[in-house]
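All figures in this text were calculated on a predicted structure; none of them were measured in a lab. Residue numbers start at 1 and run along the sequence shown.
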Amino acid sequence: MKMMAMAEAPCLCARPFLAARAWRPGPAPRLRRWRPNATAGKGVGEVCAAAVEAATKAEEEEDEEEEPVAEDRYALGGACRVLAGMPAPLGATALAGGVNFAVYSGGATAAALCLFTPEDLKADRVSEEVPLDPLMNRTGDVWHVFLEGELHGMLYGYRFDGTFAPHCGHYFDVSNVVVDPYAKAVISREEYGVPAHGNNCWPQMAGMIPLPYSTFDWEGDLPLRYPQKDLVIYEMHLRGFTKHDSSNVEHPGTFIGAVSKLDYLKELGVNCIELMPCHEFNELEYATSSSKMNFWGYSTINFFSPMTRYTSGGIKNCGRDGINEFKTFVRESHKRGIEVILDVVFNHTAEGNENGPILSFRGVDNTTYYMLAPKGEFYNYSGCGNTFNCNHPVVRQFIVDCLRYWVMEMHIDGFRFDLASIMTRGSSLWDPINVYGAPIEGDMITTGTPLVTPPLIDMISNDPILGGVKLIAEAWDAGGLYQVGQFPHWNVWSEWNGKYRDIVRQFIKGTDGFAGGFAECLCGSPQLYQAGGRKPWHSINFVCAHDGFTLADLVTYNNKYNLPNGEDNRDGENHNLSWNCGEEGEFARSSVKRLRKRQMRNFFVCLMVSQGVPMFYMGDEYGHTKGGNNNTYCHDSYVNYFRWDKKEEHSDLHRFCCLMTKFRKECEGLGLEDFPTAEQLQWHGHQPGKPDWSEKSRFVAFSMKDETKGEIYVAFNTSHLAAVVELPERIGHRWEPVVDTGKPAPYDFLTDDLPDRALTVQQFSHFLNSNLYPMLSYTSVILVSRPDV
């Protein structure tokens with residue numbers, strides 16, 4: 001009997017599902033103490049006699065002392081048997097015969113698994129609560145239980161008890177049912193932007209309990225694994241892409257709605273979508289204090305769950321239909337040769353500061369998941385109230401587990417890490433002995449200190465499952481840490497190149513002193529990446545993104561107009577490096593509008609001829625405007641919606657962008673594996689071979705050898721004066737114009753099938769025959785060398 005009791009102790013073997021002790025109030029039942037073998041060294045007969053005697057004595061003792069024993073426990077009216085379960089893997093895991101639940105909480109003194117039917121969840125009522133025995137249902141700091149039986153259609157969450165002392169960083173509160181950080185779908189409100197019953201914007205949430213089988217057919221889908229140098233990235237907001245009525249899709253604002261528009265992106269020349277946050281978040285989180293929406297989604301509730309209100313199925317089938325819809329989007333993107341990168345926000349969560357709600361991480365173990373000061377205050381390197389404690393051992397394992405899930409289960413091709421510099425900061429209770437195995441000489445690391453070798457970045461960079469996955473850092477944070485060109489990279493991390501954006505904006509609008517910096521941008525920013533062993537394709541080049549002016553607004557407004565955001569125009573970036581081309585706002589003279597069109601094309605040409613990876617924002621290809629608002633995070637309206645009707649109105653710019661992306665792909669020399677050498681690239685000024693790097697220079701030109709085109713000549717004239725430039729002489733070849741942003745459409749890009757192309761080229765023959773080309777002010781040109789026959 002006593003040896004059987006030993007055998008029933010929890011373990012990590014393949015059969016750990018033993019009955020948990022019945023939950024009783026008061027102290028936990030005692031486990032029997034194991035006693036040393038008193039028969040050691042005796043003969044067989046003596047051992048047997050001693051064993052019989054010991055067994056008889058034990059039975060007599062049990063009659064006198066009724067010690068608690070493990071009892072069978074059941075849940076859901078006897079439909080499920082409650083067993084001890086396993087501490088790994090974390091989360092809810094469907095296995096043969098039932099579901100294993102495991103959750104980390106190092107500070108909780110008690111825990112219970114809460115089960116919901118969908119109907120009870122809507123009524124804010126727990127269907128059944130399964131207390132977890134700290135002896136049988138806890139291993140280390142992991143609480144676990146196995147429910148044997150049928151749980152189809154059920155949802156779950158947890159209650160945790162312990163210290164509630166915010167001044168010490170503890171928020172354990174049994175009145176809250178919190179979401180499992182490892183839940184694979186989160187169920188709450190069904191319809192986007194619509195509060196729950198009673199106008200409740202924060203109704204009870206619960207996690208989906210998984211099934212032991214998958215109902216999704218990937219149809220043989222495999223990773224595309226494009227070399228990063230070949231990518232053309234399109235930053236896209238999933239809901240905004242098809243929500244406008246002019247999209248004419250059956251399910252606007254959803255993953256399945258976006259699938260019907262993927263052919264458009266293929267036509268545009270995009271081979272990689274960077275999805276703005278699609279993890280579960282609450283778009284109504286501001287609704288209690290204002291009418292604003294959290295449209296962008298940078299306020300995560302759960303990092304494993306797709307946003308249910310981005311799906312046509314919503315919370316039906318406990319969110320499984322939504323998961324399958326996300327998978328469909330990825331599968332259909334891959335079919336069209338388009339990779340999918342996910343924008344992930346591992347820098348903060350929706351729980352905010354000490355005044356925020358207790359939803360998940362805070363109620364599970366606040367001191368583990370958040371970066372805290374000694375008196376429980378939340379560090380705010382994110383600018384959003386809290387900071388995820390990324391380099392804590394538990395948290396960094398959580399992040400790696402999450403990334404692995406999206407790669408293995410959802411077939412995601414890569415990740416863009418929002419405010420990634422936070423992931424390089426030292427965690428709360430930083431202990432170098434636990435991290436590195438030994439103290440660091442002269443160690444003065446405090447909470448939030450930037451680390452030279454951050455453990456989380458090390459783990460992600462060297463994880464065998466994440467090998468080959470695109471990793472892109474937004475290499476700064478709201479705490480002032482700016483690491484563009486210096487982000488810890490292990491030769492696998494790329495960066496949003498904010499310096500490229502700033503320099504290109506300055507040069508294209510004609511600011512003095514940026515000719516040399518602009519040339520470095522065209523070469524892939526070697527001043528940032530070459531010394532550290534990285535390549536041009538580690539630079540993600542962009543001029544505009546979701547945060548800031550759109551491309552059209554960049555050439556239309558000198559000032560931001562953010563009053564609709566409700567913050568008295570205090571929010572958003574004040575230094576936009578924009579130029580309105582002479583008049584503020586959309587209503588301007590025809591000459592100003594023509595200049596704006598040239599400038600938008602100039603920016604796009606720059607993106608497509610620069611070494612590195614070009615990225616542009618949804619709608620910039622047709623000139624989408626947000627009316628000068630450079631921080632539209634809170635508007636679920638036409639301001640943020642892709643205007644399919646406007647795309648048709650501005651088809652000339654759309655055509656130009658399509659042709660430029662195609663031209664880049666055709667030119668081997670515009671997507672080099674390494675930085676260009678003097679043998680490949682030659683700089684020019686108004687005369688060949690004589691570049692002007694002076695402070696006043698506003699002209700940069702280069703010629704590039706190319707295996708497919710032979711040689712290309714690219715020039716940017718950002719002066720207010722026109723110029724006639726002398727082209728490099730190539731014996732036996734002549735220069736033929738392809739792109740001239742000074743020309744009206746369709747002559748801004750001369751395609752081979754343009755009906756009067758030959759006549760157009762003939763009009764410049766007197767210049768070209770003299771190896772010259774005229775350039776208007778604020779224009780860019782591309783010419784291709786062809787055999788002179």
Side-chain angles (χ1 to χ4, degrees), residues 225-231 233 272 274 339 341-347 381 388 390-391 395-397 399-400 402-404 406-407 412-427 435-436 445 448-477 479-503 520-521 523-542 545 610-615 671-675:
R225 294 191 180 278
Y226 290 139
Q228 189 155 309
K229 68 182 182 65
D230 296 335
L231 295 184
I233 300 176
C272 181
E274 185 179 296
E339 293 189 335
I341 288 176
L342 202 60
D343 193 340
V344 290
V345 193
F346 289 116
N347 58 76
Y381 293 117
F388 216 47
C390 295
N391 281 297
V395 181
R396 63 179 185 255
Q397 186 61 59
I399 293 173
V400 170
C402 182
L403 298 178
R404 286 178 167 186
W406 285 97
V407 170
I412 285 295
D413 301 287
F415 304 93
R416 179 263 187 186
F417 294 80
D418 183 65
L419 299 184
S421 289
I422 282 177
M423 302 195 303
T424 72
R425 292 183 180 271
S427 64
V435 175
Y436 298 114
I445 295 175
T449 300
L451 307 174
V452 177
T453 55
L456 172 60
I457 306 301
D458 189 352
M459 284 182 67
I460 295 173
S461 304
N462 294 291
D463 186 83
I465 293 175
L466 301 179
V469 170
K470 276 81 176 177
L471 303 172
I472 303 172
E474 184 184 36
W476 56 83
D477 65 23
L481 184 56
Y482 191 80
Q483 297 176 307
V484 171
Q486 300 175 331
F487 190 84
H489 54 81
W490 277 265
N491 284 328
V492 296
W493 285 81
S494 305
E495 297 171 7
W496 264 29
N497 191 343
K499 293 184 177 180
Y500 176 99
R501 172 199 60 203
D502 297 343
I503 292 172
E520 289 180 327
C521 291
C523 290
S525 301
Q527 81 283 9
L528 296 177
Y529 302 111
Q530 192 168 29
R534 284 190 280 181
K535 306 297 182 183
W537 43 269
H538 285 115
S539 171
I540 307 300
N541 301 329
F542 68 103
S610 295
Q611 301 297 327
V613 179
M615 182 192 78
L672 296 176
E673 177 68 26
D674 211 336
F675 296 100

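Taken to the nearest 0.5 Å, the CD atom of E274 stands 12.0 Å off from the CZ atom of F415. Here CG of L481 is found 9.0 Å from CD1 of I422. Values are rounded to the nearest 0.5 Å. We find the NE2-CD distance between H489 and Q483 to be 11.5 Å, quoted to the nearest 0.5 Å. In this structure, the separation between NZ on K470 and CD1 on I540 is 10.0 Å, given to the nearest 0.5 Å. To the nearest 0.5 Å, atom CD1 of residue I460 and atom CE of residue M423 are 5.0 Å apart. Between M615 atom CE and W496 atom CH2 the span is 4.0 Å, to the nearest 0.5 Å.
Looking at residues two or more places apart in sequence or on another chain, you find a side-chain contact (heavy atoms from CB on, under 4.5 Å) between P464 and R404. Applying the ring-ring contact (aromatic ring centres under 6.0 Å, His included) test to F346 and every residue at least two apart in sequence or in another chain returns F303. The ring-ring contact (aromatic ring centres under 6.0 Å, His included) check on W476 picks up Y482, with sequence neighbours excluded. With sequence neighbours excluded, the residues satisfying side-chain contact (heavy atoms from CB on, under 4.5 Å) with C272 are L231, I233, E339, I341. When the side-chain contact (heavy atoms from CB on, under 4.5 Å) test is applied to V492, the partners found at least two apart in sequence or on another chain are S461, L471, W490. When the side-chain contact (heavy atoms from CB on, under 4.5 Å) test is applied to Q530, the partners found at least two apart in sequence or on another chain are P526, F675.
The two residues I399 and C390 have their closest heavy-atom pair at CD1-SG, 4.1 Å. Heavy-atom minimum distance, E495 versus G485: OE1-N, 2.5 Å. Listed here is the closest heavy atom pair of Y500 and C521: CD1-CB, 3.5 Å. The two residues N347 and L419 make their nearest non-hydrogen contact at ND2-CB, 3.6 Å. Considering all non-hydrogen atoms of both residues, Q611 and N541 come closest at O-ND2, 2.8 Å. The two residues P488 and T424 make their nearest non-hydrogen contact at CD-CG2, 4.0 Å.
The distance between the ring centers of W493 and F417 falls below 6.0 angstrom.
Checking side-chain atoms of R396 against main-chain N and O of L456 turns up no donor-acceptor pair under 3.5 Å.
The closest side-chain donor-acceptor pair between S525 and N497 falls under 3.5 angstrom.
K535 and E673 are not joined by a salt bridge, as no carboxylate oxygen comes within less than 4.0 angstrom of a charged side-chain nitrogen.
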*Given side chain to side chain contact (heavy atoms under 4.5 Å, CB included), test R416 with L342 step by step and report yes or no.*
CA-CA 6 Å; R416 179 263 187 186; L342 202 60; over 6 Å; no
*Dump the intermediate steps for side chain to side chain contact (heavy atoms under 4.5 Å, CB included) on Y529 and V484, then the final yes or no.*
CA-CA 9 Å; Y529 302 111; V484 171; 4.0 Å; yes
